[in-house]
Amino acid sequence: MAQHKVNYTQDGGLPVALTSIDKIVNWGRSNSLWALTYGLACCGIEMMASGASRYDFDRFGTIFRASPRQADVMIVAGTLTKKHAEFIKRLYDQMTEPRWVISMGSCANTGGMFNTYATVQGVDRVIPVDLYLPGCAPRPETLQYGVMLLQQKIRSKQASKAQKAKRLM
Amino acid sequence: MRAYKAKDNVQAKAYYTDRFYKSPQVPKSPPESDEVFNSDLEAIKSKFEVLDSFIQVEQLVVFINPKDNYGVLELMRDELEYSQLSEMSAIDWVADRGGFEVFYQLLSMNKRKRIRIKMFIKDGDALNSVEKLFRSADWSEREMFDMFGIEALGHPFMKRILMPYDWSGHPLLKTYPLQGDEAASWYEVDKIYGKEAREEIGPENRDSSRVDRYDSDRFSRLGHEVPKGTKITGDEPEVVQPYQEEGGVFLVKKFHKDSTTIVDDPQR
Amino acid sequence: MAQIKNRLTPFFENITFDRDDNELILNFGPQHPSSHGQLRLMLHLQQEQIVKAHPDIGYLHRGMEKMAENMIYNEFMPTTDRMDYIASSSNNYGFALAVEKLIGLEVPRRAKVIRMMLLEINRLMSHLFWLATTALDIGAMTIFLFAFREREYLMDIIEGYCGARLTHAAIRIGGVPLDIQDNFISQLKTFLDELPQNIKDYENLLDTNRIWLMRMEEVGTISKEMSHSWGCSGPMLRASGTAWDIRKEEPYELYDEVEFNVPWSDRGDNFARYRIYMEEMRETAKILYQCIDIYDKCVKDGQTELMAHSPKYISASKLDIMTQNYSLMQHFVLVTQGMRPPVGEVYVATESPKGELGFFINSQGGPYPYRLKLRAPSFYHAGILTDLLPGHYIPDVVSIIGTTNIVFGEVDR
């Protein structure tokens, strides 16, 4: 049996906290943002780096999942090409509500330097995006900061209401 | 009056070229100046017609007739020890000469030599596949078909490789614009939402340089964006974007800078 | 949120179930955690054995060759970063070398040795990344964390040099823009001194690991003929019995002055490739030590030139531009219009961490290349999966893709 060394007379008293449903649900949601591995290009390498030893994403509760059905946030890291556009829509539709999208890097934001025939000029033309991270490629610190901003955004919203439709295009 | 733009070559052009400017040439030397190349060339010449040959930047360039390509490459592989086809593709000369220049870049590891076999094919002609000789040509020829529309006869799977199967146009042709044609700009919309969604979205949304009236300036300062075109005076208060709400977060301890140690030495 | 209506049909509709045989078609990718990017494989399966593999690429095709035709030569340099984004400088270098060969430039010695150091650091970064991801795919999570830790040190060194972690653009046509920073050598030496022990740590974890050996040995065997026929290069070629390294056979920069071995094997399987990557890291460390000596000698000899002197093609130094009128004019023309290399063609191959990285440039004397073909090693290494996968089982697919070390920025360009 694990020994619980909580001093109930000090650390906030009894292990009971009174709060609203919104707060507790949002607390849960914002601190276990499971991300879908969506490394498309260069930014995907920085996404891996932020999950690896130096930047250690796990301490945010952000764990990469390979299945859209287990993921809350889709980090679109890299260039979205026209050939791939169909699949990002497909995978986004497979994610369960509530779901968020972080567009990581210039290519995902606006097409970036690849203003060509083969590149979708911004992932927001296919799926709604919550957060845009600038940079080519953004540093892992930027991604961590972005995740923290997303957590802040989640906490500021009502949890009980159905998510409002996001503006697309 | 709009400036005339040639439709057969939409590649970016130099906006100014001196009338008297004459481009220098990359020096060419005759194939006789290198023993190995010379003997290889003689071997090719004994069986096939060679239109032109020279050494440029340490590599032999041989021009052949397009019908001979399989034979020449077979000779190169089996008798002259050029065991690798490192690259093959085409150059679009449709506007100037009405066809394509196809090149095969061969490597011999025993002789440490590289040879480029080149040939000219007319627009609309197909070439013989060399996929049976060099498996690497399998994908290279598919790429060439995808990018230029040049078909290889006898290829087992002559389909697009880089672009989707339902793509229209061949991107590396000089007639194809860099940003793509009409079909290309709507490709993902057509595929995901259907053609009727084009009207709903509107063609202005396809323009990547368009400025929307909802667009904002200073979008990197979250919560302090201003509408596009607003004059930024510069005397606004400095905004520090916190990563947590003021007063802390429920059940989450705030990170205090003072109570932590910062390791400065990266080599620790 | 109500689902936005779309035209996408469920994917299983593409698969016919009413076949006579037992063949199952399995779709792998294009977004699969162990597909190293956006590889899509259509695998025809007879129970768990693959009878036919059909790799589908192009999901990261960004039109780089088309971009190159519409860009001046110097403008294209940052785009090459995004090809093999794990070792960006090697792409920069391949392109710079091709243009230099085209215009016939000789690069100063000090720039050469700085380039060599950057290239070898990139090779280390790439090999460490390869080890990390392949081990992760096979299930060795510890190696992933270890190798990424080492890689971050190298990234810090590179970042100190050029300011970017991933997309360096650290090499210019005609030399390098900057001298290395003060602590570059000392940091590099610290890293290199610890590297042998680190490599030994990885090997201790992997070399005798039963799971690792079962996934690696006698899996994905490429014969010598097959490797030649498919245009393999780099470790893929050397693992299949050909000791061919472009640095050794067609030396560029100062590779003929440094001593190093070319590790090769005739086993041709995954394990051979793994061993070659590990040995190459050791050889790279050896080269880097010698580069440091050459660099120190350059400093001692007072060689300060970093860019080739060629007013027609290369801008003068910052000091000259700021003080001399003609240099300023030349710089203005070179920046606004771009350099105009001579009419001609060039194909230059360099040994990137993945294999033979070649740039074919056809110049017609204009500021834009008439045709630029990028010969990426990964393109053919992805193609070989067509012939390599049949006969293997599903779990082997992941380890084979891992050891071929394909990067999709390079495959699709």
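Every chain is numbered from 1 and lettered A, B, ... according to where its sequence line falls, protein lines coming before strand lines.
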Quiz prompt | A/Phe64 portion near chain C, given a 4.5 angstrom heavy-atom threshold | solution = neither
Quiz prompt | C/Tyr85 versus chain A, the contacting section by heavy-atom distance below 4.5 Å | solution = side chain
Quiz item: Nearest heavy-atom pair of A/Ala49 and C/Phe148: which atoms, and what distance?
Solution: CA-CE2, 3.5 Å
Quiz item: What part of C/Ser88 is in contact with chain A, defined as an atom under 4.5 angstrom from a non-hydrogen atom: side chain, backbone, both or neither?
Solution: neither
Quiz prompt | Student check: side-chain heavy atoms of C/Asp81 and A/Met113 closer than 4.5 Å | solution = no
Exercise. Dump the intermediate steps for side chain to side chain contact (heavy atoms under 4.5 Å, CB included) on A/Leu40 and C/Phe408, then the final yes or no.
Key: CA-CA 9 Å; A/Leu40 295 171; C/Phe408 272 79; over 6 Å; no
Quiz item: So, C/Lys66 side chain and A/Ala118 main chain: donor-acceptor pair closer than 3.5 Å or not?
Solution: no
Quiz item: Is any side-chain N of the basic residue among C/Glu159 and A/Arg139 closer than 4.0 Å to the acidic one's carboxylate O?
Solution: yes
Exercise. Evaluate the criterion side chain to side chain contact (heavy atoms under 4.5 Å, CB included) for residue pair C/Gln31 and A/Phe87; output intermediate values, then yes/no.
Key: CA-CA 8 Å; C/Gln31 191 49 49; A/Phe87 295 94; over 6 Å; no
Quiz item: Under a 4.5 Å heavy-atom cut-off, does chain A meet the side chain of C/Met141, its backbone, both or neither?
Solution: neither
Quiz item: Would A/Ile45 and C/Arg165 satisfy side chain to side chain contact (heavy atoms under 4.5 Å, CB included), going step by step from the backbone distance to the final call?
Solution: CA-CA 11 Å; A/Ile45 309 298; C/Arg165 282 162 53 87; over 6 Å; no
Quiz item: chain A heavy atoms under 4.5 Å from C/Asp84: which part of the residue, side chain, backbone, both or neither?
Solution: neither
Exercise. Name the option with the most non-hydrogen atom pairs under 4.5 Å to chain C; the candidates are A/Pro140, A/Gly111, A/Gly78.
Key: A/Pro140
Quiz item: Just by distance, do the side chain of A/Ser53 and the backbone of C/Phe146 share a donor-acceptor pair under 3.5 Å?
Solution: no
Quiz item: How long is the span from the NZ atom in A/Lys83 to the CD1 atom in C/Ile57, to the nearest 0.5 Å?
Solution: 7.5 Å
Exercise. Could you tell me which portion of C/Glu152 (side chain, backbone, both or neither) has an atom closer than 4.5 angstrom to a non-hydrogen atom of chain A?
Key: both
Practice problem: Pick whichever of C/Gly63, C/Gly409, C/Pro30 has the most heavy-atom pairs under 4.5 Å with chain A. | Solution: C/Pro30
Self-check item: A/His84 side chain near C/His61 side chain, heavy-atom distance below 4.5 Å
Solution: no
Quiz item: Taking everything shown except C/Phe129 itself, do over 12 heavy atoms lie less than 6.0 Å from its CZ?
Solution: yes
Quiz prompt | Max heavy-atom pair count under 4.5 Å with chain C, selected residue of A/Cys107, A/Ala137, A/Ala41 | solution = A/Ala41
Quiz item: Out of A/Cys136, A/Pro138, A/Cys43, A/Cys42, which one pairs with C/Leu166 under the side-chain contact (heavy atoms from CB on, under 4.5 Å) rule?
Solution: A/Cys42
Quiz prompt | C/Tyr59 versus chain A, the contacting section by heavy-atom distance below 4.5 Å | solution = both
Quiz prompt | Region of A/Leu91 in contact with chain C, defined by heavy-atom distances below 4.5 Å | solution = side chain
Quiz item: Given a strict heavy-atom distance threshold of 4.5 Å, which part of C/Arg62 is in contact with chain A: side chain, backbone, both, or neither?
Solution: both
Quiz prompt | Pairwise distance OG1(A/Thr116) to CD(C/Glu65) - rounded to 0.5 angstrom | solution = 12.0 Å
